[in-house]
Amino acid sequence: MSSASIFVWETLGTAILILMGAGVVANVVLKDTLGSGGGWLLINFGWGFAVFAGASIAAPSGAHLNPAVTLGLAVAGKTEWAQVPVYFAAQLLGAFLGAVLAWLTYKLQFDAHDDPAGTRGIFCTAPTVPGRGWNVLTEVIGTFVLVAWVLLSPAAKAAADGVPQLGNAALGYAGVAFVVIGIGNSLGGPTGYAINPARDLGPRIAYAILPIRGKGSAEWGYSWVPVVGPLLGAALAGLLYLALPV
């Protein structure tokens, strides 16, 4: 596939991912919405379905939607290194655009919200207990699970008698959506499980730029954690794949 095609599909898919992902957080956090106060489970399921929608749309480019996935696939020899910068750029742009669209969707609710300084979490992640080293480790572990699943999950194949043996590939992109929901429910509590550098950085940039009434700081001092942690976790997953007899 050409670099131009990869860029278009990854931008579109990542934009849908963030539009729906940031959208579900806005629905829960902002007060004048039908989902206000819906809680952590609603957010996790919303992000899982956002992954399903974005990945399904970006299927022509392989539906990475995530620099960590791209890096893990490159380390494992499944994506050309020359294409990595194209994936990264498209994913960051798509994440920014998706965040802007989520804000436009909830513009009136942002204006009416009684805690405008507390809206950053709609766009990007933050730790519940700050501690940069441990926060990085949490993101490493969560992303390792995601990328290891992408690399090691069994695909559909035919047995010797010709009868298909359906692995997780039979689920399509619903499979990775289930994994994301699982990571959120089990490992997402400490840092909000960015597990995707573009998912955090693109919306964080959008938050810093958008004219949100009374907004707080974008917390740039923390912004490197949800970038470095996921990339480290993805690289480790790729190295594990190379080390295993698969």
Side-chain angles (χ1 to χ4, degrees), residues 10-33 35-40 42-51 53-54 65-68 88-128 130 135 138-139 142-143 180 183-184 188-231:
E10 286 291 310
T11 299
L12 182 58
T14 309
I16 296 299
L17 163 67
I18 302 302
L19 168 60
M20 295 180 65
V24 72
V25 183
N27 195 21
V28 169
V29 170
L30 298 175
K31 69 180 181 103
D32 292 325
T33 71
S36 182
W40 185 239
L42 178 57
I43 289 174
N44 287 341
F45 276 96
W47 272 107
F49 294 135
V51 168
L65 309 184
N66 181 344
F88 280 13
Q91 291 153 359
L92 184 60
L93 175 61
F96 174 84
L97 294 175
V100 172
L101 290 172
W103 171 71
L104 288 171
T105 302
Y106 284 92
K107 173 63 166 62
L108 294 179
Q109 286 72 28
F110 272 99
D111 290 345
H113 192 55
D114 54 8
D115 181 23
T119 55
R120 185 186 67 245
I122 293 170
F123 295 85
C124 52
T125 63
T128 56
N135 301 153
T138 296
E139 289 292 332
T143 312
V180 169
I183 291 171
T191 60
Y193 75 117
I195 61 174
N196 179 340
R199 168 264 176 277
D200 192 275
L201 183 57
R204 194 181 296 268
I205 294 171
Y207 181 73
I209 294 173
L210 287 170
I212 299 171
R213 179 187 63 84
K215 67 181 178 182
S217 167
E219 286 294 329
W220 293 112
Y222 180 78
S223 64
W224 64 272
V225 171
V227 172
V228 172
L231 292 177

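Just so we're clear, the structure is a prediction, and the values are computed from it rather than from any experiment.
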Test item: side-chain donor near acceptor, Thr191 and Glu139, under 3.5 Å: yes
Closest non-hydrogen contact found for Ala198 with Pro203 is O-CD, 3.3 Å
Taking every heavy atom of Gly21 against every heavy atom of Ala50, the minimum-distance pair comes out as N-CB, 3.7 Å
CD1 of Ile195 to CG of Asn66, rounded to nearest 0.5 Å, is 7.0 Å
Here the pair of heavy atoms bringing Gly54 nearest to Leu65 is C-CD1, 3.5 Å
Practice task
Mind running side chain to side chain contact (heavy atoms under 4.5 Å, CB included) on Leu17 and Trp47 for me, showing each step along the way?
Solution key: CA-CA 8 Å; Leu17 163 67; Trp47 272 107; 4.0 Å; yes
The reported gap from CD in Gln109 to CH2 in Trp103 (rounded to nearest 0.5 angstrom) is 12.5 Å
Here the gap from Ile212 atom CD1 to Phe110 atom CZ, rounded to the nearest 0.5 Å, amounts to 5.0 Å
Here the gap from Thr143 atom OG1 to Ile183 atom CD1, rounded to the nearest 0.5 Å, amounts to 7.5 Å
Here the gap from Thr14 atom OG1 to Leu19 atom CG, rounded to the nearest 0.5 Å, amounts to 12.0 Å
ask   = Does the side chain of Ser36 come within less than 4.5 Å of Val28's, by heavy atoms?
value = no
Correct closest heavy-atom pair for His113 and Arg213 would be O-NH2, 2.8 Å
* Decide if atom CZ of Phe49 counts as having more than 12 heavy atoms of other residues, nucleotides or ligands within a radius under 6.0 Å. => no
Heavy atoms of Gly121 and Val25 approach each other most closely as O-CG1, 3.6 Å
Can you tell if the side chain of Leu30 reaches within under 4.5 Å of the side chain of Ile122, non-hydrogen atoms only? yes
Original post:
Is there a donor-acceptor pair under 3.5 Å between the side chain of Asn27 and the backbone N or O of Gly35?
Top reply: yes
Backbone N/O of Arg120 and side chain of Arg204: donor-acceptor pair under 3.5 Å = no
Report task. Begin from the C-alpha positions of Val100 and Leu210 and carry the test side chain to side chain contact (heavy atoms under 4.5 Å, CB included) through to its verdict. Result -> CA-CA 8 Å; Val100 172; Leu210 287 170; 4.3 Å; yes
What orientation do Tyr193 and Trp40 show, parallel under 30°, tilted 30 to 60°, or perpendicular over 60°? perpendicular
Q. Is the shortest heavy-atom distance from the side chain of Arg199 to the side chain of Ile18 under 4.5 Å?
A. yes
Indicate yes or no: at least one non-hydrogen side-chain atom of Leu42 is less than 4.5 angstrom from one of Val24.
-> yes
Nearest heavy-atom contact between Ala68 and Pro230 is CB-O, 3.7 Å
Open item on the list: With heavy-atom distances below 4.5 Å as the criterion, would you say the side chains of Asp111 and Tyr106 are in contact?
Closed with: no
Rounded to the nearest 0.5 angstrom, the CH2-OH distance for Trp220 and Tyr222 is 14.0 Å
